[in-house]
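Structure, as structure tokens:
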Amino acid sequence: MELKSILEVLLFTSQKPLSPTELRDVLNRAADEEGAEEHVKALRKTPPEDIVAALETLASEHDAAARSYRLVCVAGSWQFVTQPEYAPWLRSFLGVKARPSRLSAPALETLAIIAYRQPITRAEIEQIRGVAVDGVMGTLKERNLVVEAGRADVIGRPMQFATGPAFLEYFGLPNLDGLPAADELRRIPVQRPEALLTVDNHLATAPAEPTQQELPVDTVDPSVNAPEATVEVPPAEPPAPAS
Amino acid sequence: MSEYRVQFEVFEGPLDLLLHLVKKQEVDIYQVNLLRIATEFVTYIEQMRELDLEIAGEFVVMAATLLYIKSRELLPVDKQVAVAVEDEDTEDPRWELIRRLVEYKKFKDAAARLQERESLMDSIYEHRPARPELTAPEPVRREAASVFDLVNAVATILKRYNERTDVREIQADPYTVSEKIDYLRQLSVGRPRFPFSELFASARSRAEVVVTFLALLELIRMKLFIAVQTEQFGEIEVALAPTPPPGSVPTPSESAADGTIPVDSLPPQSPPADIVEPTPARAPDQLPEANPVGSDTETPQTA
């Protein structure tokens, strides 16, 4: 019997999402039962990484089968969920899901910056957004989407912020690495083009050759041009969402 | 007053407005005409003032930056302040502005993706089966009977013999612990489990019960037997220990001296705090000779 099938049946009958640790505990308990058969005993002390690998295989198999439901990981715990396109029938059958009110655009922007750059100070957030964020920070903290995460080791020791326990669950994300385009946003490389700015042609600084203006940024060879201006972000350990 | 109601887009901040103006130019953010943007930005702010909207300080700062950039552009190249090309990265205000715009744009896009996920979550239903009406998997689980359980059980059995011991006679006690150990081991031959009460079925006196019980404790201590109680208040069962360690079994005589029950002889569910000195060793008060090695077993000690 394959490990993934055992995990599948456990998740299928579970009343709550199960973490790899919880699944391993079930395997161990079954192996410790009196009179457990050899193949049950054999799964005792299955390494968690094997369980995660089996779950990922299982999830991709479900995706490939294109069923109306799939296996997902939310905040480190695995569960079966329905595909979103079946919502109209489920809404009518089960009712509308109880969810907190939608976040405003400023709140989402602020939250996105915190999510990708955590831990981050309020001043750094405001630097990126160009506006004060006091109001939305209150909302985000109240909803546990954002928590305080110690003080920065700079002058004034300002408070830093990170995503809170509700963040991954609210957006149905497996972990902080599961954020879309995480690599790009943690450290945004901004290539400085050779011909920096185009201006009105009648102005003094207009480039002599119009062709240069149209030079697409992408084709600029980074090796011969101005150094990359990057926004460096230390690969901060994302704080574990409190469970 | 409908004529005063103006369609006026509200922006999050100056960067949001700038992005909007860049988008209107329909060019790459790096190739945007900053001068035109600067003009449009200032026009927008003037509109805000005409509409008596409160203008946030950030907009004013941004307008100042844009006007500074514009003023620089108006000078002929050779008259411009030498913005050293060497350390262009930090010095050029145009570049700094573009860099901020790009960064802001990326996070705005990220926020849009979060918003998509937010609304998507409304459409995803979790699989949550109701708990099946099944008996919990408890019966299979064996609970180690603690010393207290055993003592209570033997106390119940001892009650049966109370009335018979009215007449006191001094006589040599015919029972010994080692003899009873042999008896119990014979009893277990071919039977992996048997009820606790069966141990004492043939006991004729209170003394014999006590000695048999001490023999049982001794066997548990030697890891040859285990005592299990499969359900609360259920009958205690005595079973052969699953795998008696062949080499390390202490001899009955030396093991009887300390009278403790090893913790690891019990299944792991047993809380270790339960393992204490067997209190029934007090019974030998009445039977001083019944348990020649049990005299020092009264010292309570937790394992």
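No hydrogens, no waters, no symmetry mates; every other heavy atom, side chains included, goes into these values. Here is the naming used below: chain letters follow the sequence lines, and residue numbers restart at 1 for every chain.
Proximity to chain B is absent for every atom of A:Thr110, based on heavy atoms less than 4.5 angstrom apart. A:Phe12 touches chain B through backbone and side chain together, each having a heavy atom under 4.5 Å away. Only the backbone of A:Val96 comes within contact range of chain B, with heavy atoms under 4.5 Å apart. Of the atoms belonging to A:Gln127, heavy atoms from both backbone and side chain fall under 4.5 Å from chain B. For A:Pro88, no part sits under 4.5 Å from any heavy atom of chain B, backbone or side chain. If you measure heavy-atom distances from A:Arg29 to chain B, you find no contacts under 4.5 Å at all.
In terms of heavy atoms, A:Thr82 sits closest to B:Ile124 at O-CG2, 3.7 Å. The two residues A:Arg99 and B:Met121 have their closest heavy-atom pair at NH2-CB, 3.1 Å. Taking each heavy atom of A:Val131 and B:Gly13 in turn, the nearest pair found is CG1-CA, 3.4 Å. The heavy-atom pair separating A:Gly130 from B:Pro14 by the smallest distance is O-CD, 3.7 Å. Annotation for B:His127 and A:Leu11: closest pair CD2-O, 4.3 Å, computed over non-hydrogen atoms.
The number of heavy atoms from other shown groups lying within 6.0 Å of NZ (B:Lys23) does not exceed 12. Within 6.0 Å of atom NZ in A:Lys45, 12 or fewer heavy atoms from other residues, nucleotides or ligands are found, so the atom counts as exposed in its surroundings. Enclosure of atom CD in A:Glu85 by more than 12 non-hydrogen atoms of other residues, nucleotides or ligands within 6.0 angstrom is indicated. Within 6.0 Å of atom CZ in A:Arg67, 12 or fewer heavy atoms from other residues, nucleotides or ligands are found, so the atom counts as exposed in its surroundings. Surrounding CD of A:Gln83 are more than 12 heavy atoms belonging to other residues, nucleotides or ligands, all under 6.0 Å away.
Electrostatic pairing of B:Glu58 and A:Arg129 does not count as a salt bridge here, judged by no charged N lying under 4.0 Å from a carboxylate O. The pair B:Asp122-A:Lys97 fails the salt-bridge criterion, with no side-chain N (NZ, NE, NH1 or NH2) lying under 4.0 Å from an Asp/Glu carboxylate O.
Partners of A:Tyr69 under the ring-ring contact (aromatic ring centres under 6.0 Å, His included) rule, at least two apart in sequence or in another chain, are A:His62, A:Phe80. A:Pro174 is linked by a side-chain contact (heavy atoms from CB on, under 4.5 Å) to A:Cys73, counting only residues two or more places apart in sequence or in another chain.
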Problem - From CA spacing to verdict: side-chain contact (heavy atoms from CB on, under 4.5 Å), A:Leu108, B:Glu118 - result: CA-CA 10 Å; A:Leu108 278 165; B:Glu118 183 188 35; 4.2 Å; yes
Problem - Residue pair B:Lys106, A:Tyr116: steps toward the side-chain contact (heavy atoms from CB on, under 4.5 Å) verdict - result: CA-CA 11 Å; B:Lys106 300 250 182 192; A:Tyr116 287 100; over 6 Å; no
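Using a 4.5 Å heavy-atom threshold, the side chains of A:Tyr170 and B:Arg117 count as separate.
When each of B:Lys108, B:Glu126, B:Met62, B:Glu116 is checked for heavy-atom pairs under 4.5 Å with chain A, B:Glu126 comes out on top. Per-residue heavy-atom pair counts under 4.5 Å with chain B were compared for A:Val74, A:Val72, A:Val81, and the maximum is reached by A:Val81. Top candidate by heavy-atom pairs under 4.5 Å with chain A, chosen from B:Ala111, B:Ala112, B:Ser123, is B:Ser123.
Rounded to the nearest 0.5 angstrom, B:Gln115 CD and A:Phe171 CZ are separated by 9.0 Å. Here the CD1-CD distance, from A:Ile113 to B:Glu103, works out to 8.0 Å after rounding to the nearest 0.5 Å. Atom CD1 of residue A:Ile128 and atom CZ of residue B:Phe107 lie 4.5 Å apart, to the nearest 0.5 angstrom.
Side-chain contact, A:Gln79 with B:Arg128: a donor N or O sits under 3.5 Å from an acceptor N or O.
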